[in-house]
Amino acid sequence: MANPAFPLCALLFLGTLCPVCPFATKKDMLDYSETHDHYYDYYQLTELLHALQQAHPELASLDSVGRSVEGRELWYVRLTVEPDAAPPERPKFKYVGNMHGDETVSRQVLIYLTQYLLAQYGRDERITRLLNTTDIYIVPSLNPDGFEKSKEGDCRGDKGGRNNANDKDLNRSFPDQFSTDSHPPDATLVPEVTALINWIRDNRFVLSGNLHGGSVVASYPYDDSSQHRITGLYSNSSDDKVFKYLAKAYAEKHPIMKTGHPECEGEEDEIFQDGITNGAEWYDVSGGMQDYNYIWGNCFEVTFELSCCKYPPASKLATEWDYNRESLITFIEMVHIGAKGFVTDSVTGKGIENAVISVAGIDHNITTGKLGNFQRLLAPGLYNITASGAGYLTETLVDVDVKQGPATSLAFSLHPTVFIPESKMKPETTTSMSPTTEGLRVKTDTTTTSRLAIQPRDFRHHHYTDMEIFLQKYKNDYPSITHLYSVGKSVEQQDLYVMEISDNPGNHEPGEPEFKYIGNMHGNEVVGRELLLNLIEYLCKNYNLDPEVTHLVQNTRIHIMPSMNPDGYEMAEEGDKDGLVGRNNSNNYDLNRNFPDQFFQITDPPQPETLAVMNWLKTYPFVLSANLHGGSLVVNYPFDDDEKGLSTYSKSPDDPVFQHLALSYSKENNKMYKGFPCKEFYPNENFPQGITNGANWYNVPGGMQDWNYLNTNCFEVTIELGCVKYPMAEELPAYWESNRRSLLQFIKQVHIGIKGFVLDATDGRGILNATISVAGINHVVTSYKDGDFWRLLVPGSYKVTASARGYVPITKNVNVTDREAVLVNFTLVRLGEDFHKEDKGKPFVTEAENPDPNTKEFETLIKDLSAENGLEHVLMSTLGDIDRFRYRPYKDLSEFLRGLNLNYPHITNLTSLGQSVEFRHIWSLEISNKPNTSEPSEPKIRFVAGVHGNAPVGTELLLTFAEFLCLNYKKSSAITKLIDRTRIVIVPMVNPDGRERAKEKECTSTIGQNNANGKDLDCDFISNSSGPVGEREKETNAIIDGLIMKQDFTLSVVLDGGSMLVTYPYDNPVHTVENKDTLKYLASIYANNHPTIHIGHPGCPNKSDESIPGGVICGAEWRGHQGSMKDFSVAHGQCPEITVYTSCCLFPSSSQLHSLWADNKKALLSMLVEVHKGVHGIVKDETGKPVSKAGIIINDGVKVYTKVGGFFHVLLAPGFHNINAIAEGYQKQHTQVLIRHDAASPIEIIFNMDNRIFGLPRELVVTVAGATMSALLLTACIIWCVCSIKSNRHKDGFHRLRQHNDEYEDEIRLMSTGSKKSLLSNEFQDETDTEEETLYTSKH
């Protein structure tokens, strides 16, 4: 028997030879055979990276960031344990090399680093730990095209290859914070940069190294400055200390770099202390990658220059690898420093994604990952770290001790302020992610330490330029809590600045109230202006130092307008006690008598300052406000006038609340509270407790505070700050001291009463414009976009009702205390919630399921664009404004359109709809990613202008709009997606003949209004029933045939002139408006996105007193007429149409076109967004086959038909709508859909076959019909058989007679003797009775 030990021994012996086995040899060759003496070209690099990944699938994955200009892959290797299953909280690190193609050392050392890490895993404890805990990404070459052109031995970069194949420097092509014209990179010129930006956005990198050549130094942000000085200007980031710490970590491990003396040829005297430098101080680099990473990528990046020679001989590579190996590894380890942890929801235990992590004293925040995970790089030290998230109370960990080495672990548990339905309150099971924070002091919604508040020091009068510099300074010094913006301009074109102070500036946080102060409404009443500048300084300097200030800033969005009348201020004079010089604006109108009034018609034309403020107040959900004046010392509350114009107490429904608000200010100002303010000027004037009802003091029609209360959710009081209107500068410190406590105390009042959310019970989403009413108080407030509301109330018991269209109202009893607002949430149930109970189980209506990621991304875009400031953010990110504003006659218009088509052939299609009377083309320009291709699933919108030739403003706006869209395609992500998902048709001139006759600056002339036949085209859209079609004008027929009767448009917007408003159908006074709510809503979308139209006061010279509520009116109520294009569009084209009147002057000067474009571009863009809302559905049968030409009836009125593919799209006002679907051969289907203001409501209607015929069940009809048919067939068979038998017998008998002639006479004889019966029955019977006949006979 063989020795059993032998195979075991042999196996052990073979095991000792494992390193030389073929598989092991392959790995060793990959990992250890590197000779460090040659460069890898693109193909060798590609082959090597694939081989490494295949040899180490458990540690490495290979992918591409994108492609270069010449189509080369931008490879990256991902190194970590189980790369396809790495936990998202594992910090991500990246190295990027060879950004400049001729700087090649970086490319090679990153290849060597990849090989080294893979080879040492499992052998070296340090490397093993690094790959177990870090998600490492390595891009050896960002510029492979440049590398292929560069030459070995080129030390100074003289032989090319630095730039990409389009000769663009990749490290000058990123968006730059200090560039005035910074815009997204052109993907056709620098696809490498575009690809990297997308990659950075898709990954939450924590730390990065950008490897270059040409010196030996570590360069950290910022790389440039606002001054763009060539060299010598230190441009520090908010994390300057951290960046120095990171840069030194690399430099001190590099034998040359750490000396600070690279001694590069030609720059032998260059010295870098500790081997590091601030980028801009070395030399200014605009558009650099490292600054982009820090500002926009949530990632800290340092640039490392590795060698004096950019492309050294290959023989130097081994030395360069030795120099850099330890530095490269050490820098990766730095991704684990600082503070790390999780931010979770205290109710659900779930991680909060995109929560903000902020560090006191460092104006740079990071955000959390999908699990609420974060890694905040910090140098060793003590820090106060805050976590905040939308809908949550903030939490601050005080004195966090960050030590050298691994990060300090933290855990934040934030309390939600938003009501969470019970179904969502079940904690989720997750991996352990709550590190201890033992020993840390936790403060929720408060801040750090208490200390003496810092008081303002600079007391002086600030003229406009001085004020502007002051505001810009505080905006730049405190960017984490400030946002400076302008609400409009004064008569003399000075900005009406507002400084927002908030812990999340520029954004409305759901549940957080908004407050405002307005000063200097009367230009010579200046104390308010200076106090508000003092207040800005006080809040900024004391944030994170003083608990009171910090709490206010963290929980309130504060808006401060120091001067509403900057023109008047410049006319006023210091020392003016009670004068009038400068009180009014430059047009000499009193702004506090210029607002629409509830009791009196204000005849003065609305001023630009008034209109700008009204627009501002309609834009933000302000809750509380104060208007600061001078000339007395008192707080004045509504109402300011009464219906008789007398000085008498005019009580508002919220009189107790207003008294409380007024007292909250006056009590903190001792002199004001005493009630005898200005004995020198008004010895008999007395205000008990320093407050007064406005009208009881004196009557003020057209005041701002009453307009706030009656037209918005905002409660406003007017505060008179002193008896002298323009005191001397040396008196200003005393004013600050008297009012400081009052100003802060009044802001706090925004938090009294009740607050909460109105939510939809079905999906938990907030309900916009829900009404909050309080029993016994005749004044309601409405909810904002997330359903959040605030209702100021004094202590007491109240019955509060929340209601919204399409929902069942809810009433709650609420006890309001003198503490902060009581949280009251309302969850409303939709009307008709049991609507489909009888149809349970029937598959006729379902919501569309599983949308593709692109669709989901687009839905998110529409929601973002519908949010507050969403469109503004898009417009800010688009390419620079178009400044070629002039009127274009027909020839120039035609050339312009052809130019757009020739320059943008992939997204435009230019066609002629027909010709005018004088044979001019009526051009139509389609803008779409697939022009001239039918896309039934996409909405189609048309913009039309020039119906009246004497009103060409609309024409120029549409031409500019078309150019704007084309310019920003593939430049602006939002614009690109809108064009990709929308078919946009622009018809800039319907009446070119009339346009040629009209004259510029003719504001009221009718010359050119009509076409060449003298016909007003907007009275020519008659239906067939109104007269012969041949009577229509050529232009009319072109629009009808080329646009309207195609019946494939979702929305139409027409631009005209002669006023400032929007009309909706119908223009015909006798026509009933079936879908009024929707048509009015669509018109209001345009009006609300226009700075002045929505205010409702066109202010046109011929009708200065005209008032149009909301700037929207039914056409018939304004200028009713028959035969209008909008009426025809609705009645015959199944397309809603609105008409926008863009300016009072029909043909204003071309110098006004720029401002008119500025006023209308947001509104025009809003219609592109709006066309994607409403109900978007598809109709199918039970087999899934689309049903086209099905009738969709909305609210038993409007009817549209499904397109090819079964698609339909109908724009509807937010709320519930009934939908009936009918099609021949199918059962009628009925459902109800909820339309939202910020998204389309997708539905899928599935038809069942119609089971009723003639009103009877299909089964019964079929059975009866079948039985009837069977009976008929049977009867027919019987008749046929009988006839056949008889016919056969006769035929056979006569045949026999002919065959037997000799017997014929006998037969005749027999027949004649009465023997016929016998003859037939005997002789012929056997031959004629077939089996079939026998069977037939037997059945009967």
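Fair warning: this is a prediction, and the values are worked out from it, not measured in the lab.
- When only modelled atom types and interatomic distance are considered, Arg72 and Tyr42 share no side-chain donor-acceptor pair under 3.5 Å.
- Looking at Ser215 and Phe272, their side chains come closer than 4.5 Å, going by heavy atoms from C-beta outward.
- Within the 3.5 Å criterion, the main-chain N or O of Leu170 finds no donor-acceptor partner in the side chain of Asn163.
- For Leu382, the CG atom counts as densely surrounded, since its 6.0 Å shell holds more than 12 non-hydrogen atoms of other residues, nucleotides or ligands.
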Requested in this report: Decide yes or no on side chain to side chain contact (heavy atoms under 4.5 Å, CB included) for Leu246 and Leu377, but give the supporting numbers first.
Outcome: CA-CA 9 Å; Leu246 294 169; Leu377 302 184; 4.3 Å; yes

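- Two residues are said to be in side-chain contact when any heavy atoms from C-beta on lie closer than 4.5 Å; Pro406 and His336 fail this criterion.
- Applying ring pair (Phe, Tyr, Trp, His ring centres under 6.0 Å) to Phe300 and the options Phe243, Phe331, Tyr220 leaves one that passes, Phe243.
- Asp495 contributes no side-chain N or O that, together with a main-chain N or O of Tyr497, makes up a donor-acceptor pair within less than 3.5 Å.
- Remark: side-chain polar atoms of His254 are paired, donor with acceptor, to backbone N or O of Ile256 under 3.5 angstrom.
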Query raised in the report: Yes or no on side chain to side chain contact (heavy atoms under 4.5 Å, CB included) for Asp363 and Tyr478, after CA distance, side-chain angles and deciding distance?
Result: CA-CA 7 Å; Asp363 184 26; Tyr478 299 91; over 6 Å; no

Requested in this report: Evaluate the criterion side chain to side chain contact (heavy atoms under 4.5 Å, CB included) for residue pair Lys310 and Arg162; output intermediate values, then yes/no.
Outcome: CA-CA 10 Å; Lys310 294 187 174 184; Arg162 172 187 176 91; 3.6 Å; yes

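- In terms of modelled atom types and a separation under 3.5 Å, the side chain of Asn164 and the main chain of Asn143 share no donor-acceptor contact.
- For the side-chain contact (heavy atoms from CB on, under 4.5 Å) with Leu211, the lone residue among Leu110, Leu142, Val96, Thr303 that qualifies is Leu110.
- In terms of modelled atom types and a separation under 3.5 Å, the side chain of Thr408 and the main chain of Asp401 share a donor-acceptor contact.
- Per the SG-SG cut-off, Cys155 and Cys309 are bridged by a disulfide [distance under 2.5 Å].
- When atom types are taken as modelled, the side chain of Thr976 and the backbone of Lys970 share a donor-acceptor pair closer than 3.5 angstrom.
- No hydrogens or angles considered: a donor-acceptor pair under 3.5 Å links the side chains of Ser68 and Asp145.
- Contact check for Lys475 versus Met499: side-chain heavy atoms found under the 4.5 Å cut-off.
- Considering only residues two or more places apart in sequence or on other chains, Glu509 meets the salt bridge (Lys or Arg N to Asp or Glu O under 4.0 Å) condition with none of them.
- For the residue pair Asp239 and Ser237, no side-chain donor N or O sits within less than 3.5 Å of a side-chain acceptor on the partner.
- Of the charged side-chain nitrogens involved, at least one lies within less than 4.0 Å of a carboxylate oxygen, so that Lys149 and Glu70 count as a salt-bridged pair.
- The closest side-chain heavy-atom distance from Lys971 to Asp186 is below 4.5 Å.
- Ring orientation note: the planes of Tyr76 and Trp199 are tilted relative to one another, at an angle of 30° to 60°.
- The residues Lys244 and Asp240 are annotated as salt-bridged, a charged nitrogen and a carboxylate oxygen being separated by less than 4.0 angstrom.
- Judged purely by distance below 3.5 Å, without hydrogens or angles, the side chains of Thr368 and Arg204 never pair a donor atom with an acceptor atom.
- Counting heavy atoms from C-beta on, the side chains of Met334 and Ile337 come closer than 4.5 Å.
- Side-chain contact between Tyr543 and Asp503 is present, with at least one heavy-atom pair separated by less than 4.5 Å.
- In this structure, Ile276 and Val302 have side chains that are not in contact, with every pair of non-hydrogen atoms separated by 4.5 Å or more.
- For Asn210 and His212, the side-chain atoms include at least one donor-acceptor pair closer than 3.5 Å.
- The aromatic rings of Phe147 and Tyr311 sit parallel, their planes meeting at an angle under 30°, below the 60° perpendicular limit.
- The cationic group of Lys94 lies under 6.0 Å from the six-membered ring centre of Phe205 and within 45° of the ring axis, placing it in a cation-pi geometry.
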